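Small disclaimer: the values here were computed from a predicted structure and weren't measured. Naming convention: chains lettered A, B, ... in sequence-line order (proteins, then strands); numbering from 1 in each chain.
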Amino acid sequence: QQQVKQSPQSLIVQKGGISIINCAYENTAFDYFPWYQQFPGKGPALLIAIRPDVSEKKEGRFTISFNKSAKQFSLHIMDSQPGDSATYFCAAIGADSNYQLIWGAGTKLIIKP
Amino acid sequence: DTAVSQTPKYLVTQMGNDKSIKCEQNLGHDTMYWYKQDSKKFLKIMFSYNNKELIINETVPNRFSPKSPDKAHLNLHINSLELGDSAVYFCASSQEPTQQRRSETQYFGPGTRLLVL
């Protein structure tokens, strides 16, 4: 019940296309959902995050869509660029996790020029 | 002005050796973490530590031990290194996440690439 399931494991998208990464969780006590971006050779860094009281959050080309009833959330990258090529992690946190981040398995995104 | 720094960046060593990785943060955070990232990029929390509590992932072998000389430092000691310990180890820090502050961002260091031969 503490898991966050992330898919796909890897994704190749043409430049200018939309990249979509999906995550699902079981624990309804999770109440904060961040996405982290990791470039090769670097540590992960916070990209965007959402609380379950909203269904969507947008920051530039990056949007999180949140479906509370389905216990799913997804990251959309519009007009994907080669510089977006990275590994993306979804995560969740809440009382049941003792406020420790529970991480998805990661998605390696490659944007083809 | 590196926020979270780790040394060394690369560590190549023989099986059975004991090694340490150092981590320092200058963000004034009160909680620090160690993660292990394997070749498939999976991030596994090993330890979470603040001045009140050490939370250990129960799957971490007791050959791994965190040591915190002060709030800004959390070092990782590894005894009797094994081939399976080869991975990238990340240190991170944040303000202590609580019910009121669950949105605290974790800031990661650049990683230490450990290769055990």
Side-chain angles (χ1 to χ4, degrees), chain A residues 2-11 21 23 25 27 29-54 57 59 64 66 85-110, chain B residues 2-6 9-10 21 23-25 27 29-50 52-60 87-113:
Chain A
Q2 290 287 59
Q3 282 186 326
V4 175
K5 294 182 180 177
Q6 183 172 348
S7 62
Q9 191 173 11
S10 61
L11 180 62
I21 304 170
C23 286
Y25 64 97
N27 192 336
F30 287 150
D31 56 9
Y32 181 69
F33 303 88
W35 285 87
Y36 280 73
Q37 178 188 53
Q38 182 182 23
F39 292 109
K42 305 288 185 187
L46 179 68
L47 178 64
I48 186 173
I50 196 168
R51 296 186 186 277
D53 52 350
V54 297
K57 183 170 182 182
E59 288 183 5
I64 302 177
F66 189 86
S85 297
T87 300
Y88 292 81
F89 294 92
C90 63
I93 193 171
D96 283 9
S97 71
N98 199 26
Y99 301 106
Q100 301 291 316
L101 274 176
I102 306 299
W103 295 84
T107 296
K108 184 173 181 179
L109 174 65
I110 297 172
Chain B
T2 306
V4 182
S5 59
Q6 294 178 230
K9 189 169 182 180
Y10 299 95
I21 306 173
C23 178
E24 177 181 2
Q25 55 96 2
L27 297 167
H29 290 158
D30 56 14
T31 302
M32 296 183 73
Y33 312 82
W34 276 106
Y35 286 87
K36 178 181 180 181
Q37 187 171 48
D38 61 24
S39 57
K40 294 184 178 178
K41 299 295 186 184
F42 185 72
L43 267 176
K44 173 184 169 183
I45 180 77
M46 301 177 72
F47 305 101
S48 163
Y49 183 80
N50 62 28
K52 297 172 233 172
E53 191 177 12
L54 171 65
I55 300 174
I56 302 172
N57 184 327
E58 65 271 11
T59 66
V60 175
V88 181
Y89 292 84
F90 286 101
C91 176
S93 74
S94 75
Q95 290 296 87
E96 181 187 6
T98 63
Q99 185 175 13
Q100 291 73 32
R101 287 198 326 229
R102 64 181 73 81
S103 61
E104 294 299 328
T105 300
Q106 289 189 16
Y107 293 84
F108 283 76
T112 294
R113 285 138 191 87

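Side-chain contact between A/Y36 and B/Q106 is present, with at least one heavy-atom pair separated by less than 4.5 Å.
Here the closest heavy-atom approach between residue A/Q38 and residue B/F90 is recorded as NE2-CZ, 3.3 Å.
Ranked by heavy-atom pairs under 4.5 Å with chain A, the list B/T105, B/L43, B/V4, B/V88 is led by B/L43. Ranking A/A91, A/P44, A/G94, A/G106 against chain B, the residue ahead of the rest is A/P44, based on heavy-atom pairs under 4.5 Å.
Only the side chain of A/F89 comes within contact range of chain B, with heavy atoms under 4.5 Å apart. Interface remark: B/Y107 contributes no atoms to any contact with chain A (heavy atom separation under 4.5 Å). Contact annotation for A/P34: neither backbone nor side-chain heavy atoms come within less than 4.5 Å of a heavy atom of chain B. For A/A49, no part lies under 4.5 angstrom from a heavy atom of chain B.
For A/K5, the NZ atom sits in a loose shell: 12 or fewer heavy atoms of surrounding residues, nucleotides or ligands are nearer than 6.0 Å.
Rounded to the nearest 0.5 angstrom, B/E104 CD and A/L101 CG are separated by 11.0 Å. The distance from atom CZ of B/F42 to atom CD of A/Q6, rounded to the nearest 0.5 Å, is 10.0 Å.
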